[in-house]
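Right, one structure below, let's go through it.
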Amino acid sequence: MKHFSIVSILVILLTVIVYFFLQAVGLLPTQASSQAIIIDQLFDIHIGIIAFLFSLIVVFIGYSLIVFRRNKQMPDEEGQHITGSSKLEIVWTLVPLAVVIFISYLGAISLAETRKIDPQALDIKVTGGQWYWSFDYPDYGITSDVLYLPVGRQVKLSLTSMDVIHSFWVPEFRVKQDVLPGENLVKELRFTPIETGDFMVLCAELCGGAHAYMNSPVKVVTDGEFQDWIDEELGNFPQDPESLGERLAKNNGCFGCHSVDGKDGVGPTWKGLYRSEKTLVSGEKIVVGEDYLYNAIVNPNSQIVLGYPANVMAQNYGELFTDEEINNMITFIKSLE
Amino acid sequence: MNLSGIVKGILFQIVGSFIGAGIMGGIRALMGLPWKTEPAIVLGGLVGAIAFMVGVGAFKDWWKMALGEEVTEASEVVGKQGLSRYFGFSLDHKVIGIQYGILSMVLLVLGGSLALIFRVELAQSGLQLLNFVQFNTLVGLHGMVLIASILMGIAAMSNYVVPLLIGAEDMAFPRLNAFSFWIAVPASIILMSSMFFGGFETGWTAYPPLSVRGPMGIQMFFLGVFIVGYSSILGALNLIATILTMRTKGMGLFKMPIFAWSVLATSIISLTATQLIGLSFQLVMFERLFGMSFFTPSDGGNPILFQHLFWFYSHPAVYIFVLPGLGIISELLPVFVRKPLFGYKWVAMSSMGIALTGFLVWGHHMFTAGIEEYLRVPFMYSTLLVAVPTGVKFFSWVATIWQGKARFPVPMLFVLGGIIVFLLGGLTGPPNGTVSTDLHLHDTYYIVGHFHNTMFGGFIFPIFAAIYYWYPKITGRRMSETLGKIHFYLMTPSFFLMTFGQMRIGLLGMRRRIADYDPAMGFDFTQLLITIGGYLIAISILVFFYNLIVSAKKGESATGNIWNSRSPEWDILPSPAPVHNYAGIHFNVVGEPYDYGLIGSKYVELAQGIHQREESD
Amino acid sequence: MSSINNAIVSYQQKLAINRLGLWLFFASDAFMFGGLLVARFYLLGNKNLNLDQTLGLLVTSILLISSFFMNRAEVMVSEGNHKGFITSLVITILLGISFLVGVVGLEWGSAHFGPGDGAEGAVFYMMTGMHAFHVLTGIIFLSLVLRNGLNKKYTPEKHYAVEASANYWHFVDVVWIIYYPVLYLMGTI
Ligand code: HEA
Ligand code: HEA
Ligand code: CUA
Ligand SMILES: [Cu+2]
């Protein structure tokens, strides 16, 4: 019995130490959404359980190995012949069973809490593609490559992908949802930002190539600032074809693969593209003109530039954009000459 | 010229691959289609694997049997002796066990070295060494090659040890046994060759639609894993049959050494679930080759289907990886603490419990994948349920150790290390298992930390324990204790450095499978530590290999029951184990396997009187 | 114990092990076929595939009848009826080949979709193809058994090869009994 009392005390001590140590090092990023608070409460319970079970087993083993160690004088000493105890076995089957059922129950509650629906939620359509994010605000008719969110209001994201599986994740919000291709596989994610500031959407599912760089800024702003941003987006920017084209290219992920400053990317840079001379995979040499550009956007595989892969650029830009929009982008590309 | 089996096999494989590729080219040419590399390498790989088996001589006897001719009984085949027998076709389970072991270690070094390469890239932010495809290929191959290494490693332990433990002359199907091993060799070559066909971008999980696009190295990956899978299925079939039918007299199921139980449980999973990873990979192969759209949504497919099929194997697979290792722990612990295994029946049944509940939990890898909402909560309950039988094992180990008179030779150190490391791995499981916390954790380095803990604790540590423990049985010599201790005391802290680092940055937002990370997140220093930890592990393993090779010639000779164990292979057999296990020395089971500390008790006893099989010869 | 007795005992014991091994293989293979069933339901629900019902019924009956003859063959070899055994075996093989011709030759040729036509095509060709592959291997086993049977290698006591290939044949048949309604009938009512 004496041994058990000592061990119990040691277990409790170690549990407390481990628990407070884990709390003190700051395991998780800041809590920037109301979901984060709920989820972190569950993390807290987990940490407590981990600290306890770890201490329980390590202390028992360590204590036994040290205190009951072999007497140097009797190297052949054998342990006691104890083969088992059904009572104990039942206890340590049933108690953990109860514990895990309880944790699962807490987990179910926690999940339900994080998924609470606010009918006033702000609708945003999120599109992921190799390798960019694009955000549509259907209520306002805005498309942006930065996710602007008003603080304190629930957002409802409808997520879809252009190509492969991506995953929407903002560590400070804690929640994550894979983004699947296919019209019937649009997924929904809700959260409520509670802290203003700058964050990052990270793509958390390996999606090939530049997966590491598939990040976009998230700006959580006050209501007023959000309204200002909307106003600015809606009216107060230049309406000339060149600027319109630049915005289109920016918001649709072209810059994920094409740079405008001469750097080589997944696709050829646009800087100095217009009127430059290019060699195609077919061996043909051409001088880039408007027709070529139009074709390169609408039907990219028909003329692959030497040194770049086919099938990488989406094939459906022709359907996605109106001719006017494409012409605007061409004007923009021309302006980079 | 008498080439040893493996050389001949590889030559045949090379020729076969070209023939296969040529046939595909020919067929396409006849159909008026141009040359295309992808179908050609697939058929080439397949024909190459079969050619390897022909070259190594795996089909010879089966062919005779198919023609109704008599073949020599496996037990009467006199194999080669000496070192060369390990490189040719042999039917002896002990030889095959060691062959598996060699393959496992080769794969461990290959897979580990891949990690060492990409760890350099990750040691600091920015891209220094690798491009994206190279990085992704290395990560995915690291995962899969090491998983193959685990499968080979558990096959090595089961093959070598199980027949000895249960007093069988050999496995139930010796030819199938040899086949299962040898098919894994060309499969490993094919798997590695994926690097040279453009690599692949998908990680070991190979999710479509990404795997449907991308470089064609993925086909070699699929083919290699498919064949390794078959090796594992056939091996499992053999082990189940062996354990169920070939036990010696008096050995009821509940009198088997506990390791046999864990192998039985593992084999049930490998036998059945493995089909599903084969199938899921096959479907993607066909989608790429024939345009059959199983997983492309725009053509009516569904990428989630793949994930269901894949994880239906790959979750139970993680219990395939650990159950034999946990079995080793349960097997060795009583020997070194000189006490009976606490609650034998419970420990035996907990293996079965883990194996069976393991089938019900695959959805926990898909909490964020967009599966049907109503599935997430049930999968959460079932996932956490696995903790219960696992806990029974832990508590029984603790109770076994309690008041034991422990001694600490190297195998015991690895057993204890395994317990602690696996405990950490297991305890980091439940936070992944509750849905809402997993929303944060999924696809982060926390998960990476979780599974390195479980796999090291459940496989790497135990297999080292097993090697140190049974090495004298194989060679008649001990491995050096000093070098063994250096190995242990270098590897364990380095390992903690590595995985604690991984879990820490994972919680803070480090994603998996990224070649570069934002320096603003402040991970550079920890990443450097992880890399250093990885390299220290590698150095410790180098020490191990040195020990392994040098001790075979120079080790202290050990012929008797050096661990003072009750199990038959130590109690009855001399070391090194004779060619025909117990030929002429049959034994009966007369007591309980782990009655340490009960004076005068016996587990096994030589059979009295004549030896029946001898007589009929 | 005399050594003859011993040989019989060890043959019996081997037989038991071989039987167990075969059943374990079936268990494993069943998971693969099950996986394909899951794929069918997951992708297509209980959608009907609009296949040729007459042909479907025909090939199914052929396979069922072949199973009957296979059983005859096994019974006859254990009764020592050599001629009957060979005849039944030949009939089984011929029926097996007609099944293959029916599915791969006719059904694949006449179906209104190809393997590349959406999930329906993919699922249909994969399921029938995988099953046909098993039938093909079955025919190869049976042909070997036929060859050895003609060489009088089997006795009423020792004919495990016949038993094993018969069981394999029945197993593949049972798979089709499940696949047939799932592919042809489901969704028609
Ligand atoms: C050997 C391998 C192994 C083992 C044994 C385990 C064991 C467990 N794993 Fe792990 N896991 C992996 C290997 C393994 N895992 C791998 C490789 C991946 C990543 C795959 C990939 O995406 O690449 C993964 C990923 C993974 C995920 C998916 C995470 C994600 O991607 O989002 C989850 C989620 O639930 C999970 C949970 C668990 C749980 C609950 C256990 C449980 O079995 C643990 C049970 C043990 C204990 C809990 C400790 C001892 C018990 C007690 C002391 C009793 C009392 C306990 C309680 C009351 C809680 N694992
Ligand atoms: C048994 C399984 C196993 C083992 C032992 C290891 C061992 C190691 N793993 Fe592994 N790891 C996995 C299984 C394993 N891993 C899996 C399944 C994945 C998931 C893959 C995926 O996401 O798709 C993964 C992923 C993974 C990642 C995440 C990559 C990412 O997502 O970005 C990292 C990163 O740190 C990592 C690191 C390491 C390191 C440093 C080691 C070290 O311990 C390695 C130590 C080295 C050796 C064991 C080899 C011995 C070497 C020598 C003796 C040197 C001699 C060599 C020569 C002379 C040439 N691993
Ligand atoms: Cu998109 Cu990763
Ligand atoms: Cu799992």
Side-chain angles (χ1 to χ4, degrees), chain A residues 27-29 38-39 42-43 46 49-50 53-54 57-58 60-61 64-65 68-70 77-85 88-89 92-93 96-97 100 103-104 107-108 110-111 114 163-165 167 171 174-178 180-182 184-185 187 202 204-212, chain B residues 132 136 201-203 207 209-210 213-214 297-298 303 337-340 342-344 346 368-370 377 380-381 384-385 387-388 391-392 394-395 398-399 401-407 420 423 427 430-431 434-437 439-440 442-443 507-509 511 513-517 595-598:
Chain A
L27 289 178
L28 292 158
I38 300 163
I39 290 174
L42 191 58
F43 266 121
H46 277 301
I49 294 176
I50 290 175
L53 286 171
F54 177 76
I57 287 174
V58 169
F60 260 100
I61 293 181
S64 172
L65 291 180
F68 304 121
R69 70 179 169 279
R70 217 154 22 111
E77 196 186 355
E78 302 264 302
Q80 271 187 48
H81 182 253
I82 307 169
T83 55
S85 146
L88 268 179
E89 300 277 0
W92 64 51
T93 306
L97 183 67
V100 296
I103 305 178
S104 308
S110 169
L111 179 64
T114 57
D163 33 51
V164 300
I165 303 177
S167 188
R174 300 289 187 278
V175 285
K176 187 179 286 134
Q177 174 60 54
D178 283 9
L180 304 168
N184 51 339
L185 293 172
K187 297 293 163 188
L202 312 173
E205 181 68 50
L206 178 55
C207 49
H211 160 62
Chain B
F132 291 137
N136 289 338
E201 296 199 298
T202 58
Y207 280 8
L210 186 59
R213 306 167 166 226
S298 52
V337 300
R338 315 305 304 164
K339 263 188 74 204
F342 194 90
Y344 172 96
W346 290 81
T368 69
V377 170
M380 168 167 66
Y381 275 92
L384 291 174
L385 214 56
V388 176
V392 170
F394 272 98
F395 296 126
V398 170
I401 294 174
W402 185 250
Q403 294 191 332
K405 297 293 166 199
R407 34 212 81 174
I420 302 300
L423 176 66
L427 289 177
T434 46
V435 183
S436 60
T437 43
L439 297 184
H440 182 61
H442 176 68
D443 266 337
L507 283 165
L508 290 174
R511 295 168 285 156
R513 297 164 173 167
I514 54 175
D516 185 14
Y517 45 93
D595 271 343
Y596 292 98
L598 184 65

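Reminder, nothing fancy here: chain letters follow the sequence lines and each chain counts from 1.
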### Most contacts with chain A, counted as non-hydrogen pairs under 4.5 angstrom, among D595(B), D516(B), L439(B), I514(B)
L439(B)
### Task
Check each atom of Y207(B) against the heavy atoms of chain A and say whether the ones under 4.5 Å are side chain, backbone, both or neither.
side chain
### Message
With chain A as the partner, which of V435(B), T434(B), I420(B), V337(B) has the greatest number of non-hydrogen pairs under 4.5 Å?
### Response
T434(B)
### Message
Quick check on R69(A) against chain B: is it the side chain, the backbone, both or neither that has a heavy atom closer than 4.5 Å?
### Response
backbone
### Considering all heavy atoms, the nearest Q403(B)-Q80(A) contact
OE1-NE2, 3.6 Å
### Query
Nearest 0.5 Å, what's the CD1-CD1 distance between I57(A) and I61(A)?
6.5 Å
### Query
Between W92(A) and F342(B), is a ring-ring contact (aromatic ring centres under 6.0 Å, His included) present by the stated rule, with each step listed?
CA-CA 13 Å; W92(A) 64 51; F342(B) 194 90; 5.8 Å; yes
## Note on the structure
Comparing V377(B), V398(B), L385(B) against chain A, the one with the most heavy-atom pairs below 4.5 Å turns out to be V398(B)
### Task
Counting only heavy atoms closer than 4.5 Å, note whether N136(B) contacts chain A via side chain, backbone, both or neither.
side chain
### Message
For W402(B) and F68(A), take the angle between the two ring planes, folded into 0 to 90°, and tell me which bin it lands in: parallel under 30, tilted 30 to 60, perpendicular over 60.
### Response
perpendicular
#### Entry: Which atoms of S298(B) approach chain A - backbone, side chain, both or neither, heavy atom under 4.5 Å
neither
### Message
Using heavy-atom distances under 4.5 Å, tell me whether I39(A) contacts chain B through its side chain, its backbone, both, or neither.
### Response
both
### L88(A) versus chain B, the contacting section by heavy-atom distance below 4.5 Å
side chain
### Task
Please look at R213(B) and chain A and tell me whether the side chain, the backbone, both or neither of the residue comes under 4.5 angstrom of a heavy atom of that chain.
side chain
### Query
Highest number of heavy-atom pairs under 4.5 Å with chain A: which of M380(B), H440(B), K339(B)?
H440(B)
### Task
Pick one of side chain, backbone, both or neither for L206(A), based on which atoms fall under 4.5 Å of a heavy atom in chain B.
both
### Query
Checking heavy atoms, do the side chain of A387(B), its backbone, both or neither come under 4.5 Å from chain A?
side chain
### Query
Tell me, side chain or backbone of L210(B) under 4.5 Å from chain A's heavy atoms, or both, or neither?
both
### Message
Please classify the contact of A369(B) with chain A as side chain, backbone, both or neither, using a heavy-atom distance under 4.5 Å.
### Response
both
